[in-house]
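Predicted model, so just to flag it, every value in this text is computed and none were measured.
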Amino acid sequence: MIQKSHVEQPGKLDWRVSKMGYRFDFNSDSWQLDGSYVINFRRMRELNEATQEGLRKALCRYAEELSAGTTDSAFSYVNMYCDHTGEKSINVKGLTKWRSTLTPETEYWLGSLKAFLLAWNEWGYSGVDNDVAEYLEEQTLKGMVKGKAVRKACPYSGPLTQIELGALLNWSANAFANRTIDLSQYSYFLTVAFTGRRAVQIRSLRAVDLDAKGHDYIIKFPRVKQRGVGFREAFRSLSVNEDLYLVLKNQAEASQVYVENLLGKSISPEIRREIPLFLDEDRVNELQDINHLVTCLTKTPDYLHMTHSDSMKILRDVAVRNTARSERTGEFINFTSRRFRYTKGTNLAKRGITGVVLAMALDHSDTQNIDVYTANTEEMAERIDEIMSPVLAPLAQAFAGKLIASERDALRANDPHSRVRNEKSNIVGNCGTHAFCASGYRACYTCLNFQAWRDAPHEEVLEELLVERKRQEELGVSSNVIQSTDLLVLAVQQVILLCNQAKSVDIMEVEVG
């Protein structure tokens, strides 16, 4: 049965913007998301009021963060679920019934819906309870078959591949450098991505929790799910890399400066160390003096920390701006804090870390709930071939820079110091910034400031990378180390493809002329 049309309220306009830049009214029965896809709520099956409300909110967020096609598919799969089960709500009984009717070829229907329902639950909208999320987390479902890019794990809700995680990290670094996202958004996103810690643990951090001893960088994360343990009463240390530590150090200093500027005076080092990394600025703005600050930090210790809703908004804002794509689907990468947690657990398990040690790494008190993170420890993917499929390169969108015809078109055309040379000293492009960089020419291929020359010998760079990977393989180097260059290889391949396309266009123009 088709759900009765949503009654539009005159004057109650709530304008939103889809990922493709189309404006739509949240309260309307019709959302135009791009030139092809329209979400028509008159097609919505009969659902109870709470599920209707949650579905609309979750679809709206999907529309803002992901492609129109992905949003339309989520809506269609919800309708399909209702058609096959007769249910008017999302529940375990209905999902179990639907799964029992699916074949290996159609299992991806539920796999695709799983990603949407887990995100719906994590965002806190009504209609998808925790028991549904727990049931879905236990299910291992096949993704849609798409040739060589197929992965055994669900490409929409399962652990991220190294390429996908690398694409998100590269995008976020470039977005921060380009001021598309700010420091608080970048530091919060990096912490979720690198550590897999829960949002409440990240929100509870203070400057005092950051510690560096030589080349060891430690974050003391407050524990949050243990009985009888209050706010910031128990901690578990986690070793992190220098990059994350320095970003969080900068975030801590930014929060300290914000408080000092508000109060109009310097704060003692002891009090500065207790300033939250992520502030609730509205509450901080209510502070009257340093004594009031100390009272808040001691008497109501969580009051000045970022709220749950604000932390969710940060990830939402980052997701709306994200342009990193999956090499498996070609779509914008769907991410939630839960998915980063899957990724962290799966990557640790692939390295042989299991049992109590894995539970500690994920901050569990015991091992009874860690299976959800290790269900896909057999290779999630067929390893990318030695000669990686050129089809993957444009899907991953790994190349972040710009292709130019020659040095004449470079931003620093008259500056010989801007030239980027490969290992054979051949010029492959120009650097578009004057900032210091010690990363080497390889990193240029995933940098937004790189201007690759159309006629440069990029094939030499690709050959060098593949030879190096082969040599590492023969020496028995860990597959994790070898696969760390996957995204770089894809970026170089994408540049080669773009160059070939540009050259073929020039040839066609000459022939036509």
request  = Please name the residue in the list F189, Y186, W171 that meets the ring-ring contact (aromatic ring centres under 6.0 Å, His included) test with F176.
outcome  = Y186

message = Tell me if a side-chain donor or acceptor on E64 pairs with a main-chain N or O of L66 at a distance below 3.5 Å.
response = no

task = Output, in order, the C-alpha distance, side-chain angles, deciding distance and verdict of side chain to side chain donor-acceptor pair (under 3.5 Å) for N285 and Y258.
result = CA-CA 10 Å; N285 292 341; Y258 184 91; 2.8 Å; yes

ask   = When you look at F116 and L59, which way does the side chain to side chain contact (heavy atoms under 4.5 Å, CB included) test go after all the steps?
value = CA-CA 9 Å; F116 178 62; L59 281 173; 3.8 Å; yes

inquiry  = Using 0.5 Å steps for rounding, measure from the CD atom of Q494 to the CG atom of L497.
reply    = 7.5 Å

ask   = In Å, rounded to the nearest 0.5 Å, how long is the span from CG of L210 to CG of L246?
value = 10.0 Å

request  = Measure from the side-chain N and O atoms of R325 to the backbone N and O of G330, and report whether any donor-acceptor pair falls under 3.5 Å.
outcome  = yes

query = Just how far is it from atom CD of E274 to atom CD1 of I267, taken to the nearest 0.5 Å?
reply = 11.5 Å

task = Measure the CG-OG1 distance between N322 and T180 for me, rounded to the nearest 0.5 Å.
result = 11.0 Å

ask   = Any donor and acceptor pair, going by atom type alone, linking the side chain of K19 with main-chain N or O of F332 inside 3.5 Å?
value = no

message = Using a 3.5 Å distance criterion without hydrogens, assess whether the side chain of T485 forms a donor-acceptor pair with backbone atoms of L488.
response = no

Pair Y37 and F75, ring centroids less than 6.0 Å apart = no

inquiry  = If you count every heavy atom of other residues, nucleotides or ligands that lies below 6.0 Å from K402 atom NZ, does the total exceed 12?
reply    = no

Exam field: side chain T336 to backbone A119, donor-acceptor pair closer than 3.5 Å = no

ask   = side-chain hydrogen bond (donor to acceptor under 3.5 Å, both in side chains) with N430: which of Q451, H417, E407?
value = E407

ask   = Should we count CZ of R16 as having more than 12 external heavy atoms under 6.0 Å?
value = yes

task = For side chain to side chain donor-acceptor pair (under 3.5 Å), just list the numbers for E331 and S326, CA-CA rounded to whole Å, side-chain angles, deciding distance to a tenth of an Å, and then say yes or no.
result = CA-CA 6 Å; E331 295 283 356; S326 165; over 6 Å; no

query = Strictly under 6.0 Å, is that where the ring centroids of F278 and Y188 end up?
reply = yes

inquiry  = Please evaluate residues D486 and Q162 with respect to the criterion side chain to side chain donor-acceptor pair (under 3.5 Å), reporting the C-alpha separation (whole Å), side-chain torsions for both, the decisive distance (0.1 Å), and the verdict.
reply    = CA-CA 8 Å; D486 283 354; Q162 283 197 343; over 6 Å; no

Under 3.5 Å: donor-acceptor pair, side chain of Q472, backbone of V477 = no

request  = Could you tell me whether R339 and E122 make a salt bridge, using a distance below 4.0 angstrom between a side-chain N and a carboxylate O?
outcome  = no

R232/D209 ion pair, N-O < 4.0 Å = yes

ask   = Where do Y245 and I218 land on the side chain to side chain contact (heavy atoms under 4.5 Å, CB included) test, with the steps shown first?
value = CA-CA 8 Å; Y245 174 83; I218 304 295; over 6 Å; no

ask   = Rounded to the nearest 0.5 Å, how far apart are CD of E463 and CG of N422?
value = 12.0 Å

query = Are the charged groups of E464 and K424 less than 4.0 angstrom apart, N to O?
reply = no

Pair D280 + R203, salt bridge at N-O below 4.0 Å = no

inquiry  = Keeping N121 on the side-chain end and L117 on the backbone end, is there a donor-acceptor pair under 3.5 Å?
reply    = no

inquiry  = By the definition side-chain contact (heavy atoms from CB on, under 4.5 Å), identify the one residue from L448, T446, L498 that meets it with F399.
reply    = L498

